[in-house]
Amino acid sequence: MLTLVLFLTIAVLLSAVIDRVVPRVSLPLIQIGLGVVIAIFASSTITVDLEPDLFLVLFIAPLLYIEAKNADRMQLWVNKGPILSLAIGLVVVTAVIIGLALHSLIPAISLAAALALGAALGPTDAVAVSSLSKQISIPQRQWGILRGELLLNDASGIVMFQFALTAAITGTFSIADAGTSFLVEFFGGLLCGAVLGYVANLALRKFRDLGIESATFHVLYELCVPFIVYLAAQSMHVSGVIAVVVAGLLNVITPRTDSPSIARMNIVSNNVWEVLSFALNGIVFILLGTQLPASMRYAWADDTISNVSLILFIFLITAILMGVRFVWCVCLEWWHVRHPGHNGGEPRRFARQDVRDALVTTLCGAKGTITLSILFTIPMFMSTGARFPERNLIIFLGCGVILMTLLLATFVVPLVAPKKECKQSEIDARHNYFEVLSDILRNVIEELTAQQTKRNRRSTRVVIKAYQDRLANTKNMIDADDEAIVGLRSQALEWEQERALQLMDQGIVSADVGYDFLGRLERMERLIKHGAGRRFDLKRWASRVRIAYARLRRALVRALPDSKLTDSGEEMRSLQQETARYAVDILRAEMSKSTVAAEDASKLILEYEASIAALGNSRTSVTTSIRIADESDDIRRFAYRTELEQIQRMYEEERISRQEARNMRDNVMLMMMDLDDTV
């Protein structure tokens with residue numbers, strides 16, 4: 001078991017690396033491929049043998065809770081009609097049609113078992129949909145419907161699967177009994193999830209009232225919630241799946257206390273859930289890959305069905321699945337354009353674009369984690385003790401359909417849907433960027449004000465003043481999407497490096513300080529270019545080696561007893577000022593020649609002049625400033641950490657894109673480097 005966990009963990013990590021190298025191939029397909037490799041080359045080392053009930057608890061419960069917890073309740077409400085139609089109506093219709101078709105094609109598979117496979121193919125996969133949204137432009141309405149569908153159809157598909165599976169195991173089925181049981185499980189799950197979710201939130205508030213504000217306790221408590229809710233609901237003979245979804249939604253709907261400590265705990269919680277979601281989804285897809293060779297081997301060895309027929313069955317089931325979904329989506333789009341309803345629009349003619357939107361919604365309904373998870377819960381034996389008939393064949397067909405839908409979503413959807421482009425005007429995009437940045441800075445100022453005490457008031461005001469200046473000048477910040485200013489900033493750093501080397505050659509600056517400063521400039525350049533390297537440069541490579549050697553030597557000297565290494569703070573400040581003035585002089589000269597954009601150059605000049613002034617002011621306090629400077633540095637580090645947390649929160653709320661969040665984080669990292677390098 002330990003070997004299996006190790007292989008799965010390494011494979012999940014490796015899939016993340018491959019996903020960065022091959023972005024056009026969706027992450028689920030990469031993970032499936034790694035699972036196949038594990039099954040082929042390590043089949044004698046590892047064995048996958050999980051109990052069905054344990055698999056439900058370990059994978060389905062937390063995954064559903066994560067999806068519900070991150071749900072957009074406004075989108076759920078606005079698109080409630082289409083979402084419920086797809087999540088319940090389409091799941092039932094698809095299960096019935098696929099069940100009847102599969103039973104007629106392969107009579108050896110009972111009708112109940114065929115219906116179970118059809119129900120298992122109902123839920124869509126969150127990872128596949130999310131990965132598609134990064135590559136193509138999905139309309140806002142379709143995106144909201146897909147997100148809501150993948151949350152709710154998990155519950156409906158699993159409940160229907162469990163009823164069909166029970167009928168297949170026991171061999172008896174009654175529509176009246178099934179209907180009654182469904183109502184009891186469905187509404188019982190709703191009530192149980194609401195009650196347990198409320199109790200969980202109430203208990204957490206009571207713990208906080210007792211002074212338990214530990215982030216560790218908060219995260220562990222929240223991690224236990226989906227497992228406790230699921231097991232408690234199952235023990236009461238109601239749907240644990242629906243209970244977990246309701247508890248997760250209640251976690252979103254319940255208002256949270258607005259305080260800095262809780263905000264930090266929520267950020268930690270979101271990060272933990274993000275890691276858990278990635279790991280669980282990755283493990284399930286890799287397990288799918290490990291099952292493919294075995295399923296193919298058993299199915300291929302079955303003399304009752306030819307191999308060609310197996311492939312045709314997979315294509316046929318996929319065609320039925322997508323065909324039914326496409327017709328359903330076309331009907332939804334037709335109803336939407338003919339009956340705008342709450343949107344306040346006028347009815348219009350059903351157009352070709354609406355058909356394309358329906359096709360995008362259809363192909364984005366890829367199957368994955370939940371489908372495979374519930375297929376694994378098919379038991380080996382029936383209630384009579386006999387082996388479950390055609391279990392391997394059912395799992396093989398399910399795996400094949402999952403693979404086909406993922407291939408369609410990965411390679412066909414980009415051909416149908418427009419590529420991801422920024423439809424918003426540049427002015428609106430800049431306005432949104434600076435508006436979010438202003439909110440982040442205001443939140444940091446509020447946090448600093450709340451943490452202010454009589455002892456650190458003077459130091460805190462220094463940091464608050466710096467943030468107020470940033471807030472007042474947000475429009476002068478770097479627009480990192482502008483390649484011209486990125487190139488100009490990189491060129492300015494090269495001018496600083498050039499001046500630093502000149503001062504070192506003239507003996508004005510010591511080698512230790514000079515190489516420390518050059519290392520700082522190298523790191524700044526890598527941050528500005530987001531790690532994009534240059535072509536090999538022997539001179540630059542040799543400089544980096546000298547920098548590394550100088551820093552290592554300084555570290556060793558500091559570690560020696562009776563070290564005589566002198567404080568180089570004043571020398572470093574002088575060097576920073578001199579290189580900044582040198583860069584400003586060149587920028588002004590280039591502006592006079594009109595070789596650079598005046599707007600971009602003026603921005604950099606203002607920044608350099610502000611830096612020169614700040615370095616000059618740092619000399620004004622000699623005795624009293626020592627204590628204040630130390631306190632200000634600690635407070636500034638706290639402010640930077642808070643700012644990074646706020647950036648993460650804005651990204652999770654989808655107020656900024658991943659690129660914008662990375663740009664903001666890089667700016668904070670540059671300021672942290674300035675703080676650490678300025679003595």
Side-chain angles (χ1 to χ4, degrees), residues 71-98 100-101 118 121-126 128-130 132-153 156-157 315-367 401 404-425:
D72 186 340
R73 58 184 182 273
M74 183 59 66
Q75 287 292 331
L76 286 175
W77 178 253
V78 171
N79 299 307
K80 57 184 178 296
I83 289 173
L84 290 174
S85 172
L86 289 169
I88 298 177
L90 180 59
V91 169
V92 174
V93 171
T94 301
V96 172
I97 293 177
I98 290 181
L100 293 173
L121 293 174
T124 52
D125 185 70
V129 174
S130 298
L132 284 172
S133 66
K134 302 173 186 177
Q135 305 173 13
I136 63 174
S137 179
I138 300 177
Q140 184 177 2
R141 177 174 175 272
Q142 272 67 34
W143 177 239
I145 291 174
L146 285 168
R147 293 293 297 178
E149 179 200 7
L150 65 86
L151 170 65
L152 298 181
N153 68 4
S156 60
F315 279 103
L316 182 59
I317 295 172
T318 305
I320 294 173
L321 181 69
M322 289 299 169
V324 173
R325 182 177 175 86
F326 177 67
V327 173
W328 197 279
C329 292
V330 168
C331 293
L332 285 179
E333 291 299 319
W334 179 86
W335 181 265
H336 175 69
V337 300
R338 299 302 299 171
H339 303 82
H342 62 273
N343 294 330
E346 294 292 332
R348 59 179 177 83
R349 186 177 179 180
F350 191 68
R352 181 180 299 177
Q353 178 62 39
D354 300 311
V355 177
R356 188 167 74 168
D357 289 343
L359 184 58
V360 170
T361 307
T362 299
L363 296 176
C364 284
K367 314 304 171 184
V401 174
M404 288 295 299
T405 57
L406 288 173
L407 289 171
L408 289 173
T410 302
F411 298 108
V412 178
V413 172
L415 301 177
V416 178
K419 293 182 179 179
K420 188 114 179 178
E421 295 179 359
C422 182
K423 302 293 183 182
Q424 195 178 21
S425 66

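No experiment lies behind these values; they were computed from the predicted model shown.
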query = Checking K367 side chain against G122 main chain: does a donor-acceptor pair fall under 3.5 Å?
reply = yes
key: Chi angles and distances behind the side chain to side chain contact (heavy atoms under 4.5 Å, CB included) call for T405, M322   = CA-CA 9 Å; T405 57; M322 289 299 169; 3.5 Å; yes
query = Got more than 12 heavy atoms from elsewhere within 6.0 Å of CZ, F315?
reply = no
Can you tell me how far [atom2] of [Y] sits from [atom1] of [X], rounded to the nearest 0.5 angstrom?
{"X": "E333", "Y": "F350", "atom1": "CD", "atom2": "CZ", "result": "6.5 Å"}
{"X": "L121", "Y": "T318", "atom1": "CG", "atom2": "OG1", "result": "8.0 Å"}
{"X": "K80", "Y": "I145", "atom1": "NZ", "atom2": "CD1", "result": "12.0 Å"}

ask   = Do the non-hydrogen side-chain atoms of V413 and L408 ever get within less than 4.5 Å of each other?
value = no
task = Take V416 and L363 through the test side chain to side chain contact (heavy atoms under 4.5 Å, CB included) and record every step on the way to the result.
result = CA-CA 9 Å; V416 178; L363 296 176; 4.3 Å; yes
key: Over all atoms of both residues, closest heavy-atom pair of A409 and P414   = O-CD, 3.8 Å
request  = Using the side chain to side chain contact (heavy atoms under 4.5 Å, CB included) rule, take T361 and F326 through it: C-alpha gap first, then chi angles, then the decisive distance, then the call.
outcome  = CA-CA 8 Å; T361 307; F326 177 67; over 6 Å; no
Atom pairs and distances, donor-acceptor, side-chain atoms in residues 83-98, under 3.5 Å, two or more places apart:
from: S85; atom 1: OG; to: W328; atom 2: NE1; distance (Å): 2.7
from: T94; atom 1: OG1; to: L90; atom 2: O; distance (Å): 2.7

task = Sequence neighbours left out, what pairs pass salt bridge (charged side-chain N to carboxylate O under 4.0 Å, His left out) with at least one residue falling in residues 317-332?
result = E149-R325
